[in-house]
Amino acid sequence: MAHKQVDYKELKARFATCGNVESIRFRSVAFAEPMPRKAAFITKRVHSDRETVNAYVVYATKEEAVKGLSLNGTLLFDKHLRVDSASGSKQFDRKRSVFIGSLPFDAQEEELWTFFKECGQIESVRIIRDSATNVGKGFGYVQFAERISVDSALSLEDQKFKGKKLLRIQRCKVSVSEGGIAPAPRKPTRSARGNGRPTRANGRPQRGKPVAAATQREGARASKDDNNKLKMKKKTTKNKK
């Protein structure tokens with residue numbers, strides 16, 4: 001939602017259509033200067049280039065909160081709302097989503113809604129932002145209602161975003177647990193194979209020059225052979241009279 005036009009009463013009235021709203025807490029506000037968040041919010045010293053803000057809406061019951069999810073994608077203050085559960089029960093569907101790279105740092109979610117609107121019904125748009133400054137990190141995600149929309153989105157890779165820059169649009173990687181293909185095992189490198197050198201107990205190749213087997217035993221000078229016993233000479237001293 002747009003923080004420049006945030007009207008607490010209007011926001012509460014919209015979500016009150018789904019149930020009894022107990023409280024609303026605003027988060028991820030980008031401020032114009034470093035100062036305590038509470039003081040900056042009261043004085044409305046927000047960043048002029050940041051158009052959206054996040055908020056938590058607390059309902060009286062779980063059933064009302066579930067009903068509030070139906071407001072996802074609806075317009076408020078001329079912005080599309082992204083409404084999801086704070087409990088994280090609804091997982092991000094990678095099969096219906098695309099990864100967006102090379103985004104300008106000042107890009108806004110609403111601009112991506114406009115850019116991909118012809119690809120199919122959009123469920124949500126998310127730009128990854130820095131937790132301290134709330135400025136974009138240059139990439140994000142767009143999730144569609146149908147998987148077929150992903151192919152249409154990929155075809156836009158040769159079109160300039162805002163008429164200035166080409167975006168990097170890719171399929172989201174799907175994990176094996178979600179039906180994705182496991183990566184092929186890597187072949188051991190030459191260093192990992194050890195070049196024929198003896199290996200240690202942990203399986204790693206032994207460094208240094210190979211040592212002859214006959215000299216690998218410690219204490220080789222000591223032998224059980226009676227003929228090869230070490231002889232010790234004692235020095236005798238004569239008493240001088």
Side-chain angles (χ1 to χ4, degrees), residues 1-6 11 25-32 37 46-57 68-175 177-180:
M1 70 190 77
H3 67 64
K4 297 177 182 178
Q5 308 175 28
V6 166
L11 177 63
R25 295 173 293 171
F26 292 97
R27 292 292 184 270
S28 305
V29 180
F31 300 111
R37 298 179 65 87
V46 295
H47 202 288
S48 58
D49 294 333
R50 185 72 171 95
E51 297 183 357
T52 58
V53 67
N54 297 332
Y56 288 92
V57 179
L69 297 176
S70 62
L71 296 177
N72 180 62
T74 59
L75 287 172
L76 180 65
F77 308 126
D78 297 326
K79 304 291 182 184
H80 287 87
L81 294 177
R82 179 168 63 90
V83 184
D84 51 19
S85 176
S87 63
S89 57
K90 184 178 180 181
Q91 295 183 353
F92 174 70
D93 191 349
R94 295 176 176 85
K95 296 180 180 180
R96 293 187 288 114
S97 307
V98 290
F99 168 84
I100 312 299
S102 302
L103 274 173
F105 295 122
D106 60 348
Q108 304 297 330
E109 285 81 355
E110 201 63 28
E111 294 171 340
L112 289 179
W113 278 89
T114 303
F115 188 77
F116 289 99
K117 65 180 181 179
E118 301 298 333
C119 298
Q121 182 181 351
I122 299 174
E123 282 193 352
S124 63
V125 173
R126 182 187 179 195
I127 294 178
I128 307 303
R129 300 184 178 279
D130 183 85
S131 58
T133 63
N134 208 25
V135 177
K137 291 186 176 183
F139 65 96
Y141 300 90
V142 176
Q143 179 167 304
F144 297 94
E146 302 292 339
R147 295 185 186 179
I148 193 173
S149 299
V150 172
D151 295 327
S152 300
L154 295 175
S155 65
L156 298 180
E157 196 170 21
D158 59 347
Q159 295 189 20
K160 292 184 178 181
F161 179 66
K162 299 169 61 175
K164 299 178 180 179
K165 189 176 183 180
L166 293 175
L167 298 179
R168 183 161 54 93
I169 307 174
Q170 299 175 343
R171 296 181 186 271
C172 291
K173 294 182 179 180
V174 181
S175 62
S177 60
E178 296 174 330

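In this text, all values refer to a predicted model and were calculated from it rather than measured experimentally.
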For a quick test of reading the model, state the closest non-hydrogen atom pair linking Gly120 to Ser149 and the distance between them.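 For Gly120 versus Ser149, the nearest heavy atoms are CA-OG, 3.6 Å.
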So which atom in Leu154 and which in Ile169 form the shortest heavy-atom distance, rounded to 0.1 Å?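 Minimum heavy-atom separation between Leu154 and Ile169: CD2-O, 3.7 Å.
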Holding to salt bridge (Lys or Arg N to Asp or Glu O under 4.0 Å), I want the full list of residues that pass it with [X], two or more places apart in sequence or in another chain.
X	answer
Arg168	none
Arg82	Asp84
Lys162	Glu111

Close side-chain approach of Lys160 and Lys165, heavy atoms under 4.5 Å: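 Heavy-atom side-chain distance check fails, nothing below 4.5 Å.
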What is the ring orientation for Trp113 with His80, classed by angle as parallel under 30°, tilted 30 to 60°, or perpendicular over 60°?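 Plane angle under 30°, so parallel.
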Going by the rule ring pair (Phe, Tyr, Trp, His ring centres under 6.0 Å), which residues pair with Phe144 if we only count those two or more places apart in sequence or in a different chain?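 With sequence neighbours excluded, Phe144 shows a ring pair (Phe, Tyr, Trp, His ring centres under 6.0 Å) to no residue whatsoever.
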Look only at the side chain of Glu118 and the backbone of Phe116, and say whether a donor-acceptor pair between them is shorter than 3.5 Å.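 No, Glu118 side chain to Phe116 backbone: no donor-acceptor pair under 3.5 Å.
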State whether the number of non-hydrogen atoms from other residues, nucleotides or ligands found under 6.0 Å of Gln159 atom CD is greater than 12.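 Count over threshold, so yes.
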Tell me which pairs pass salt bridge (Lys or Arg N to Asp or Glu O under 4.0 Å) where either residue lies in residues 149-158, with sequence neighbours left out.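 Found Asp151-Arg171.
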Thr74: partners by side-chain contact (heavy atoms from CB on, under 4.5 Å), with sequence neighbours left out: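 Partners of Thr74 by the side-chain contact (heavy atoms from CB on, under 4.5 Å) criterion, ordered by chain and then number, come out as Arg14, Leu71, Leu81.
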